[in-house]
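Numbers here simply count residues along the sequence, with the first being 1.
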Amino acid sequence: MKKLVKEIYEELISVLKGKTLDTLLPPIIFVITLNWFSLTTALVISITLSISVWVYRAIKHDNQKYAIFGLVGVVIASLFAYLNNDPRTYFIPDILGSALILIIAGWSLVINKPLAAYASHLTRGWPLAWFWRKDVLPAYREVTWFWLFYFVLRTAIETTLYFRGSVDDFVWFNTFVGFPLLITILTISYIYGIWRLRKLNGPGVEEFIAKKEAPYKGQTRGF
């Protein structure tokens with residue numbers, strides 16, 4: 001059990017490394033400053049913060065991916081809010097992003113090329129041909145169904161909060177519910193995915209690359 005917990009922790013770090021706080025902090029600061037200052041001032045502060053975080057990561061030679069995503073997201077969201085003069089519209093890109101992932105996940109299941117497989121391929125660099133094997137694919141398809149349910153729920157809640165006009169509730173949900181829930185989803189996905197791969201008795205990715213024949217040891221680490 002201790003080994004499994006350590007393995008899950010290391011896998012989550014490998015997936016989420018890149019300072020995810022860089023994308024979470026700007027919207028929190030936006031809401032806090034909005035309670036004290038005008039919409040324009042809140043937008044300027046959140047954009048300035050995002051730029052500062054990006055510069056800091058660049059100077060420290062850290063992974064800048066999340067800082068850049070955070071900055072682009074804040075700029076787009078700020079344009080929505082400023083042009084409409086409505087704080088709620090700051091979060092429209094986030095809603096659209098969730099809806100887009102929902103559509104992509106659904107379509108990937110329709111064409112039997114599950115999103116979870118592509119996500120793992122992009123994260124780990126494993127060959128796509130391995131994911132499409134009949135003794136591997138079902139695990140990624142089932143995990144994608146799980147993700148689909150998550151994004152249906154997330155999109156529905158975000159849309160409801162938007163129409164209710166609750167900026168504070170939106171940030172509270174995304175930061176203190178949405179992110180921890182995402183970690184939970186990824187953890188469950190990993191545990192189930194590894195278990196399912198072992199049940200399918202297919203080759204591990206290293207065995208596939210080495211073109212080994214059955215019987216296989218199977219995938220023992222990583223999903």
Next item on the list: Specify the closest pair of heavy atoms between Ala129 and Phe208, including all atoms of both residues, with the distance to one decimal.
Entry: CB-CZ, 3.7 Å

Note to self: Using a 6.0 Å cut-off, check whether atom CH2 of Trp132 has over 12 heavy atoms from anything other than its own residue.
What the structure shows: yes

Check: Which heavy-atom pair separates Leu197 from Ala139 by the least distance, and what is that distance?
Finding: CD2-CB, 3.8 Å

Notebook entry, point to check: Distance-only, no hydrogens or angles: does the Gln219 side chain make a donor-acceptor pair with backbone N or O of Ile194 under 3.5 Å?
Noted result: no

Notebook entry, point to check: When the ring planes of Trp126 and Trp130 are compared, do they come out parallel, tilted or perpendicular, using 30° and 60° as the limits?
Noted result: perpendicular

Check: Pro203 versus Lys212: any side-chain heavy-atom pair under 4.5 Å?
Finding: no

Note to self: To check you understand the geometry: which heavy-atom pair defines the closest contact between Leu148 and Gly106, and what is its length?
What the structure shows: CD1-N, 3.7 Å

Notebook entry, point to check: Are a donor atom and an acceptor atom from the side chains of Ser189 and Trp147 found within less than 3.5 Å of each other?
Noted result: yes

Note to self: Within this structure, what is the CZ-CD1 distance for the pair Phe151 and Ile103, rounded to the nearest 0.5 Å?
What the structure shows: 12.5 Å

Notebook entry, point to check: Is there a donor-acceptor pair under 3.5 Å between the side chain of Thr144 and the backbone N or O of Ala116?
Noted result: yes

Next item on the list: Would you name the heavy atoms of Lys217 and Glu207 that are closest together and state the gap between them?
Entry: N-OE2, 2.7 Å

Next item on the list: Could you walk me through whether Leu200 and Val136 pass side chain to side chain contact (heavy atoms under 4.5 Å, CB included), step by step?
Entry: CA-CA 7 Å; Leu200 289 167; Val136 172; 5.6 Å; no

Next item on the list: Would you check, one step at a time, whether the test side chain to side chain contact (heavy atoms under 4.5 Å, CB included) holds for Val205 with Phe131?
Entry: CA-CA 9 Å; Val205 66; Phe131 294 97; over 6 Å; no

Note to self: So, taking the atom named OH in Tyr190 and the one named OG in Ser120, what distance separates them when rounded to the nearest 0.5 Å?
What the structure shows: 10.0 Å

Margin query: Between Arg141 and Trp145, does the side chain to side chain contact (heavy atoms under 4.5 Å, CB included) criterion hold? Intermediate values first, please.
Written below: CA-CA 6 Å; Arg141 182 171 56 235; Trp145 274 109; 4.2 Å; yes

Next item on the list: Locate the shortest heavy-atom distance separating His121 from Pro127; write the atom from each residue and the value.
Entry: ND1-C, 4.4 Å

Checklist line | Ile101 vs Thr155 side-chain heavy atoms within contact, under 4.5 Å | finding: no

Notebook entry, point to check: When you look at Ile95 and Thr159, which way does the side chain to side chain contact (heavy atoms under 4.5 Å, CB included) test go after all the steps?
Noted result: CA-CA 7 Å; Ile95 298 173; Thr159 303; 3.8 Å; yes

Notebook entry, point to check: Taking atom OH of Tyr216 and atom CG of Asp135, what is their separation to the nearest 0.5 Å?
Noted result: 6.5 Å

Margin query: Checking the side chain of Arg124 only, and the main-chain atoms of Phe223 only, is there a donor and an acceptor separated by less than 3.5 Å?
Written below: yes

